[in-house]
Number of protein chains: 4
Amino acid sequence: MSLREKKAAKKKEEILRSASLVIARNGYKNATMEDIAAELLMTKGSLYYYFKNKEELLYKCHELILSCAMERLEELFLENLSAREKMQRAIKVHLDIVIQEKEVFNLIGKPEQIFSEENIVKVFQKRDEYAGIFDRIIDEGVARGEFIIDQKKMARMMILGAANWVQVWYSSEGQYGKDELEEIYAKYLLKILL
Amino acid sequence: MSLREKKAAKKKEEILRSASLVIARNGYKNATMEDIAAELLMTKGSLYYYFKNKEELLYKCHELILSCAMERLEELFLENLSAREKMQRAIKVHLDIVIQEKEVFNLIGKPEQIFSEENIVKVFQKRDEYAGIFDRIIDEGVARGEFIIDQKKMARMMILGAANWVQVWYSSEGQYGKDELEEIYAKYLLKILL
Amino acid sequence: MSLREKKAAKKKEEILRSASLVIARNGYKNATMEDIAAELLMTKGSLYYYFKNKEELLYKCHELILSCAMERLEELFLENLSAREKMQRAIKVHLDIVIQEKEVFNLIGKPEQIFSEENIVKVFQKRDEYAGIFDRIIDEGVARGEFIIDQKKMARMMILGAANWVQVWYSSEGQYGKDELEEIYAKYLLKILL
Amino acid sequence: MSLREKKAAKKKEEILRSASLVIARNGYKNATMEDIAAELLMTKGSLYYYFKNKEELLYKCHELILSCAMERLEELFLENLSAREKMQRAIKVHLDIVIQEKEVFNLIGKPEQIFSEENIVKVFQKRDEYAGIFDRIIDEGVARGEFIIDQKKMARMMILGAANWVQVWYSSEGQYGKDELEEIYAKYLLKILL
DNA sequence: AATGAATGAGCCTTCATTCAT
DNA sequence: TATGAATGAAGGCTCATTCAT
């Protein structure tokens, strides 16, 4: 990759970060191209040099975060740990992201309302991959006799749902610190699987 | 209440129902006054006779559903049941609403993005009241020794969060029927409290 | 048709007329919704109450004029006249429209550059119908031995092309009056068919 | 002319050719600087090294083609032929260009919509020169008694108009080949002058 | 009570043009 | 010379809101 390309890639990432910020603040629907550009002291026109339209920008935004999360989880999955330990750590990682990337993350309840056909498919695919890691951990746990659960998919849904909801109420100035919260969630949500 | 007023009240409710439908279909942000009116074979102008603006309409919509839910829960709370039983039933009621009123319910993650100051306060108040019933059930359970839990608020958040997420993925044509789903959720989420 | 509908229909026509004016002045591509609205002391937003988008407006505009022209020609065709006389009169009618409706008429050389698939088809259809009347006159003339021509389609193209071009250079303040011009064109273009 | 200048001149011509292509494909208004540059594997910024703005580029484009056409006609005019023969050949040359240079040629019905004052004058001048050759042929024919016509200017307009219109409907895959078409047009349009 | 009509602000997008490198 | 990047103005479209009737 040439210097130029690197620079452009970096700029793209900056834009995505800016977009994430704005989305986190205002939500997908309220995030305007103007806002996103202003955050970077650019004009909205410039964004179109990097992304072909708003949807693509939003999509890439969503994708980036999901990819980062995936990486962390994949890594975790390969470690030599008990399923319990893995699940607890996975929950913490997930919460980490949910808290950090308020709104940009998994939480677009209804991608249909934001993305068009073409991207929806990809969004769902990515999500399934992501959730798949949790499924694999559960499978592992069940195989090893660590977890006792019949409704594996639903258990995963409960865990992720509970964690996602944190994004709605958590505030760094609230009663609980992030680490404390993660600890507690990991502990209690695990019970679902036991 | 005069006949006039009764009629108006009835119409208001019709509008709210229509709005709920549209919101369920398209989401808060995508629900236009036009859509809502069309559903009732009215014109959007007429809506302003009953509600002073879109926000009020949406707010009342949200309020209505929350109130209905409250009623069912209050009733339940007063019944003579074990805390476990109450919690399981409460979860089922909650899921019932979540599934039925996809999107209109609790699930506005960020009311700030939809409502203005004045209404946000009221929204949060209502929500707290609603969640309060779950808290009371938990308190009861702890008092009676049925539940063992230190982080009561968080436990409630987990339960409601997990249940709310159902709204994202549940489809009546999916693998699980509504009753079956409720049964499973009630069973596993209860474990958090044990 | 109710009074309301009549009024709306009238407004639609007014808009089309305004659009025709603007198109005539600035061309299809340069005609902005703003311009069209301003002509009627409206705001551009209002136009969307009557037409779903710019293309539809332009299309209807084109259609209206073509329809009016068709009517005049159809009528003419049914009169009891020699083919020569009919053709001369048809040429005059055509010139009349070309001059009056500078630009809005037949003359969108390349509808593909203005209309989308759906409308292009209809445009071409209408045009063919229109040109068809000239073809029928030519056929009649040939059948009666008034015209001697092998390449009927091409002859029609020549006649209409020559007439259409008038729109490019004709000015009411120029050397020739409209009637005079029509007379001359009718006379000379007829020669092509003899 | 230095080597530098020669190179630049060559490049300019390449750009004009590319522009002609794009214009032919998309029309004047739809031809973007980007398109024109892309055709040459350049970036649009570079175009401004050779032309001060889009209008100049378009103007030069138009001029180039008109000049080429002029040359061919001038040559033809000087040949020792009857006026009839000359006119027929001139029509063929004109059609040749019309067909080849679809859209870039004479056919900008309304230069006012594309060019600004300064260039419009020059465009009209060039056009008049071009049309002037046809006028001279007609004059010659009338002088020699080959043509009988009072309205010389109009006759010229008819001939050129009819020929220009070919550009609208002609397709190389259509019923007629180019040569055949030219033959027919030359034959029939001549009749106007007889 | 309800409607048709109009408005205006806001947003996305395109594109000619500029400029530092 | 050429390019990548950025800009700003303009235009199309949507939609909540208003208002006379």
Side-chain angles (χ1 to χ4, degrees), chain A residues 2-5 7-8 11-12 15 29-37 40-58, chain B residues 4 7-8 11-12 15 29-37 40-58, chain C residues 2-5 7-8 11-12 15 29-37 40-58, chain D residues 4 7-8 11 29-37 40-58:
Chain A
S2 77
L3 183 66
R4 274 272 149 81
E5 280 168 328
K7 253 189 170 172
K11 191 86 193 186
K12 266 193 170 188
I15 294 174
K29 278 288 162 187
N30 292 318
T32 72
M33 293 300 266
E34 189 114 38
D35 291 342
I36 295 168
L40 292 165
L41 305 180
M42 299 172 88
T43 56
K44 57 181 165 175
S46 312
L47 299 180
Y48 289 84
Y49 185 76
Y50 297 95
F51 298 92
K52 82 167 190 284
N53 56 28
K54 189 182 174 183
E55 189 182 333
E56 191 189 282
L57 204 168
L58 294 187
Chain B
R4 276 262 151 93
K7 253 187 164 174
K11 193 85 191 183
K12 271 191 172 187
I15 293 174
K29 279 289 161 188
N30 292 319
T32 72
M33 294 298 268
E34 190 109 40
D35 292 341
I36 295 168
L40 290 164
L41 307 179
M42 298 172 88
T43 56
K44 58 182 165 176
S46 314
L47 299 180
Y48 288 83
Y49 183 81
Y50 298 96
F51 299 92
K52 83 168 191 281
N53 55 28
K54 189 183 177 184
E55 187 181 335
E56 192 188 282
L57 202 169
L58 293 187
Chain C
S2 76
L3 184 66
R4 276 270 149 82
E5 280 166 328
K7 253 188 168 172
K11 190 87 192 187
K12 266 192 171 188
I15 294 174
K29 279 286 162 190
N30 292 318
T32 72
M33 292 301 265
E34 190 115 37
D35 292 341
I36 294 169
L40 290 165
L41 306 180
M42 298 172 88
T43 55
K44 59 180 165 176
S46 312
L47 298 181
Y48 290 85
Y49 186 77
Y50 296 95
F51 299 93
K52 83 167 191 284
N53 55 30
K54 189 183 174 183
E55 187 181 335
E56 192 189 282
L57 204 168
L58 294 188
Chain D
R4 275 265 150 92
K7 251 188 167 175
K11 192 86 192 183
K29 279 288 160 187
N30 292 319
T32 72
M33 294 298 268
E34 190 108 40
D35 293 340
I36 295 168
L40 288 164
L41 306 180
M42 298 173 88
T43 56
K44 58 182 165 176
S46 314
L47 299 180
Y48 288 84
Y49 184 80
Y50 298 96
F51 300 93
K52 85 166 190 282
N53 56 28
K54 189 182 176 184
E55 188 182 333
E56 192 189 282
L57 202 168
L58 294 187

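To find a chain, count down the sequence lines: A is the first, B the second, and so on, and within it residues start at 1.
We find that CG of D:Leu57 is positioned 16 Å from P of E:dC15, with the value rounded to whole Å. Atom C1' of nucleotide E:dA1 and atom CG of B:Leu40 are separated by 14 Å, given to the nearest angstrom. Look at CG on D:Asp35: it is 8 Å from P on E:dC15, rounded to the nearest Å. The separation between A:Asn30 atom CG and E:dA9 atom P is 19 Å, rounded to whole Å. Nucleotide F:dT3 holds its C1' atom 13 Å from the NZ atom of A:Lys7, rounded to whole Å. If you measure from atom CZ of B:Phe51 to atom C1' of F:dT17, you get 16 Å, rounded to the nearest angstrom. When rounded to the nearest whole Å, the span between CD1 of A:Ile36 and C1' of E:dC11 equals 12 Å. To the nearest angstrom, C1' of E:dT17 lies 9 Å from CG of D:Asn53.
Across the strands present, F:dA9 finds its partner in E:dT14; the criterion is a Watson-Crick or G-U wobble pair with both atom distances under 3.5 angstrom. Within the shown strands, F:dT3 is the pairing partner of E:dA20 under the Watson-Crick or G-U definition, both distances less than 3.5 Å.
Taking side-chain N and O atoms only, C:Tyr48 has no distance below 4.0 Å to OP1 or OP2 of E:dA5. Contact annotation: A:Tyr49 side-chain N/O to F:dA5 OP1/OP2 distance is under 4.0 Å. The phosphate of E:dA6 (OP1 or OP2) has a side-chain N or O of C:Lys11 nearer than 4.0 angstrom. For C:Ser46 and E:dA5, the shortest distance from a side-chain N or O to OP1 or OP2 is not below 4.0 Å.
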For B:Tyr49 and B:Lys11, run side chain to side chain contact (heavy atoms under 4.5 Å, CB included): C-alpha distance rounded to whole Å, both residues' side-chain angles, the deciding distance at 0.1 Å, then the answer. CA-CA 11 Å; B:Tyr49 183 81; B:Lys11 193 85 191 183; over 6 Å; no
Test side chain to side chain contact (heavy atoms under 4.5 Å, CB included) applied to A:Lys29 and B:Asn30, step by step: CA-CA 9 Å; A:Lys29 278 288 162 187; B:Asn30 292 319; 3.3 Å; yes
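Note on B:Ala31: only backbone sugar-phosphate atoms sit closer than 4.0 angstrom, heavy atoms only; bases stay farther off.
If you find the closest nucleotide of DNA chain F to B:Lys44 and to A:Leu47, the one lying nearer the 5' end belongs to A:Leu47. Projected onto DNA chain F by closest heavy-atom contact, A:Leu41 and B:Glu34 fall at different nucleotides, the more 5' of which corresponds to A:Leu41. Position along DNA chain E of the nearest nucleotide to A:Glu55 versus B:Tyr50 favours B:Tyr50 as the more 5'-ward residue. Between A:Lys54 and A:Arg4, the residue anchored closer to the 5' end of DNA chain E is A:Lys54, taking for each the nucleotide with the nearest heavy atom.
The two residues C:Leu47 and C:Met33 have their closest heavy-atom pair at CD1-O, 3.4 Å. Taking both residues in full, the closest heavy atoms of D:Ala31 and D:Lys54 are given as O-NZ, 2.8 Å, listed atom of the first, atom of the second, then distance.
Taking 4.5 Å as the limit, some side-chain heavy atom of C:Tyr50 sits within range of a side-chain heavy atom of C:Met42.
The side chain of B:Met42 lies closest to E:dA2, out of F:dA6, F:dT17, E:dA2.
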